[in-house]
Amino acid sequence: MLKQVFLEKLGKALSGLPQEEIEERLAFYSEMVDDRMEEGYLEEEAVDAIGPVEEIAAHIVADVPLTKIVKEKVT
């Protein structure tokens, strides 16, 4: 999977979180892919090495405090 596709899917999977949280996480994973590519990975290899979008999104959501999620839903 290409980096842009990966980031789009991840963004959609995180759509219930505050926008600031989503942007921070997308920037983090974008940089992670870039770092792997600098190490010599091809773009698709770099993305694949990170893992499936669904698993990453589940871990991120689990790490975000419930109060942030509820606050986002209310506003």
Once rounded to the nearest 0.5 Å, what's the spacing between atom [atom1] of [X] and atom [atom2] of [Y]?
| X | Y | atom1 | atom2 | result |
| --- | --- | --- | --- | --- |
| E8 | M1 | CD | CE | 10.5 Å |
| Y29 | L7 | OH | CG | 11.0 Å |
| M32 | R25 | CE | CZ | 10.5 Å |

> Do S15 and K12 have side chains that get closer than 4.5 Å, going by heavy atoms?
Replying inline: no

> Got I22 and Q19 here, is their nearest side-chain heavy-atom distance under 4.5 Å?
Replying inline: yes

>> For a side-chain contact (heavy atoms from CB on, under 4.5 Å) check, start with the C-alpha distance between L14 and E21, then their side-chain angles and the critical distance, and finish with the verdict.
In response: CA-CA 9 Å; L14 300 176; E21 187 76 32; over 6 Å; no

> Does R36 have any salt bridge (charged side-chain N to carboxylate O under 4.0 Å, His left out) partners at least two apart in sequence or in another chain, and if so, which?
Replying inline: none

> So, for L26 and G11, which heavy atoms are closest and what is the spacing to 0.1 Å?
Replying inline: CD2-N, 3.8 Å

Can I get a per-line list of side-chain donor-acceptor pairs under 3.5 Å for residues 37-64, giving both atom names and the distance, sequence neighbours left out?
from: E43; atom 1: OE2; to: K3; atom 2: N; distance (Å): 2.9
from: E45; atom 1: OE1; to: L42; atom 2: N; distance (Å): 2.9

